[in-house]
There are 2 protein chains.
Amino acid sequence: MATKYDRIAADLRRKIQQGELPPGAQMPVETVLLREYRVSLATLRRALDQLAAEGLIHKQHGRGTFVRTPRQRLRRTSTRHQWEKDRARLPIGERFGTGSAERDTGLQMGDFDFSAEYFPDAVADEDLAEAFGIPVGTRLLERTYRTVLKAEESPLGLGRSFLIYDMIAVNPELLDASSEPWPGGTQNQLYTIGIELDRIEERVISRPPSLEEAESLRIDPGVAVFALRKVSIDTTGRVVEVADSIFGGDRTELHYVIQLERWK
Amino acid sequence: MATKYDRIAADLRRKIQQGELPPGAQMPVETVLLREYRVSLATLRRALDQLAAEGLIHKQHGRGTFVRTPRQRLRRTSTRHQWEKDRARLPIGERFGTGSAERDTGLQMGDFDFSAEYFPDAVADEDLAEAFGIPVGTRLLERTYRTVLKAEESPLGLGRSFLIYDMIAVNPELLDASSEPWPGGTQNQLYTIGIELDRIEERVISRPPSLEEAESLRIDPGVAVFALRKVSIDTTGRVVEVADSIFGGDRTELHYVIQLERWK
DNA sequence: GAGTGGTCTAGACCACTGT
DNA sequence: CAGTGGTCTAGACCACTCC
């Protein structure tokens, strides 16, 4: 026999998928469900936690439990990098207005709240030193990003980017957080100091969110995150940027195109 | 104040990371931990479930709870596709011996148990029909794979691949499961019927495992899986293969290289 | 059969949100 | 303050593994 919590979860899942409990609706409160299913609180909560891990419902302490709008997963494409490179040398007027996040989501600049903080006194720890191929303790510019969709409460993703301080300091504008959001993105910033990217390497793992990540991404218990490390390598083979991003696992879809060389 | 289960989980995590509870060792049994931390069973189990979700421990009903060997995450690279394409036209002797899974892991053919099942009477459902761009009901060859590392209990991944039946039937060998593992992989199989791939598109999401997936991948409660859909497109623009793979989220690392075009 | 983890109960009390 | 979900307890009984 399947467990009680499995059967309760399956029953509620069916009610959601068949529209009996429509998107946005408040779920019956725990006391009602307890009466309805005649189980103990622990059993009921286990069933609800299962649905929350699937991203079907969203529990809010003190407010209630709600059916999630079947949110389109945010698509993050690998072609964004070539697209960004193509625009990096355009005049500012053409760079302005939309960035790669807008391209991926099909939304406009104004739909986003985009906030960045700059920390010009970061230093490379062991992990970053290895990723860059530089000595531990090298001075870095650290930038943290948080991209929030105005229509929603929770950020799409969190990001931390690292650049080698001495490499970029030749353009003081790049050290200044008030220039954000920079039209054309990082690849244009690098272009202003004569750097062209050759390739980008991305490494993706899945893991449970940290406490802070779960909080700021408004992740329900049980939902994993994508942790993505992007390493940008320029045409001379140097690592010029290392960036770590976190995306909610229930809201994100990663999309990669691998172009193959023709047979001769 | 942090919760009790958070403090217990943090304490045990520290003991594991500091080597007090070494990899492979059995964790103290629940009754001991209950005495040690003076909490109720539900609280203790919540702490242990948290560690299991992180992949630090592995619970086995009836046997005990064990510290996981800090297993290297299996790296699955995007360059494997180009590598496989380069080998697709080599004579059989050179194709034999190692495939792309071996290349990614650095292991030899003999380290794997590789099993495949063929279902020549599959038909395209709505989802597959859309992915292929063919009518619903079109006949497909479905192949399911399970790659098991002999040194470990659990499979590295599960896979289901779909090919259009009429497209590949011109080479009857391709319809025969007993030819597996086919030296040179799917790209060589396609080469035998005159198909060259132009590009591969991969779509990755994270979600909780189904009951069957959790069972066959030996996934602990709370660990998410990567669900990867690979779509292969040939030089004429046709979709020639659609393959879905499932990887344990705590054991897998996806690696992508995005090569950029030079500025002119 | 002894020992392990898995399910489940019936409660108590706490913390957060809104009015 | 009323109403919601979050934490926690002290038990009972079940299911699986191994000797």
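All chains are named by letter (A, B, ...) in the order of the sequence lines, taking the proteins before the strands, and each is independently numbered beginning at 1.
- Atom P of nucleotide D:dA10 and atom CZ of B:Arg35 are separated by 16 Å, given to the nearest angstrom.
- Residues B:Glu212 and B:Leu158 have side chains not in contact (no heavy-atom distance under 4.5 Å, counting atoms from C-beta outward).
- Identified under the side chain to side chain donor-acceptor pair (under 3.5 Å) test for residues 18-29 of chain B, with sequence neighbours left out: B:Arg14-B:Gln18.
- Between C:dT7 and A:Tyr5, a contact under 4.0 Å exists linking OP1 or OP2 to a side-chain N or O.
- At a non-hydrogen distance threshold of 4.0 Å, B:Val39, B:Ser40, B:Leu41, B:Ala42, B:Thr43, B:Arg46 from residues 39-54 of chain B come into contact with DNA chain D.
- Checked against ring pair (Phe, Tyr, Trp, His ring centres under 6.0 Å), B:Tyr256 has the following partners two or more places apart in sequence or in another chain: A:Tyr256.
- Atom C1' of nucleotide C:dT7 and atom CZ of A:Arg38 are separated by 19 Å, given to the nearest angstrom.
- B:Ala9 pairs by the side-chain contact (heavy atoms from CB on, under 4.5 Å) definition with B:Arg13, B:Ala47, B:Gln50, B:Leu51, not counting sequence neighbours.
- You'll find that the side chain of B:Lys59 is closest to C:dG6, out of C:dC8, C:dG6, D:dG5.
- For the pair B:Leu33 CG and C:dG3 P, the interatomic distance rounds to 17 Å; values are reported in whole Å.
- Rounded to whole Å, atom P of C:dG6 lies 14 Å from atom CG of B:Leu211.
- Spacing between atom CZ of A:Phe66 and atom P of D:dT4 amounts to 10 Å, rounded to whole angstrom units.
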Atom pairs and distances, donor-acceptor, side-chain atoms in residues 32-39 of chain A, under 3.5 Å, two or more places apart:
| residue | atom | partner | partner atom | Å |
| --- | --- | --- | --- | --- |
| A:Glu36 | OE2 | A:Lys15 | NZ | 3.4 |
| A:Tyr37 | OH | A:Asp11 | OD2 | 2.5 |

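- A:Ile8 places its CD1 atom 13 Å from the C1' atom of C:dT9, with the value rounded to the nearest Å.
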Do any N or O atoms of the protein come closer than 3.5 Å to N or O atoms of nucleotides 14-19 of chain C, and which pairs are they?
| residue | atom | partner | partner atom | Å |
| --- | --- | --- | --- | --- |
| C:dA15 | N3 | A:His61 | NE2 | 2.8 |
| C:dG18 | OP1 | A:Arg63 | NH1 | 3.4 |

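- For the pair A:Met27 CE and D:dG3 P, the interatomic distance rounds to 20 Å; values are reported in whole Å.
- One can place CD1 of A:Ile57 at 15 Å from P of D:dT4, the figure rounded to the nearest angstrom.
- In this view, B:His61 satisfies the side-chain contact (heavy atoms from CB on, under 4.5 Å) rule with no residue, not counting sequence neighbours.
- When the side-chain contact (heavy atoms from CB on, under 4.5 Å) test is applied to B:Thr144, the partners found at least two apart in sequence or on another chain are B:Glu117, B:Phe119, B:Glu142, B:Arg160.
- Considering only residues two or more places apart in sequence or on other chains, B:Val67 meets the side-chain contact (heavy atoms from CB on, under 4.5 Å) condition with B:Ile16, B:Leu21, B:Met27.
- Which of C:dG6, D:dT7, D:dG5 sits closest to the side chain of A:Thr65 comes down to D:dG5.
- The backbone N or O of A:Leu254 sits nowhere less than 3.5 Å from a side-chain atom of A:Arg73 that would complete a donor-acceptor pair.
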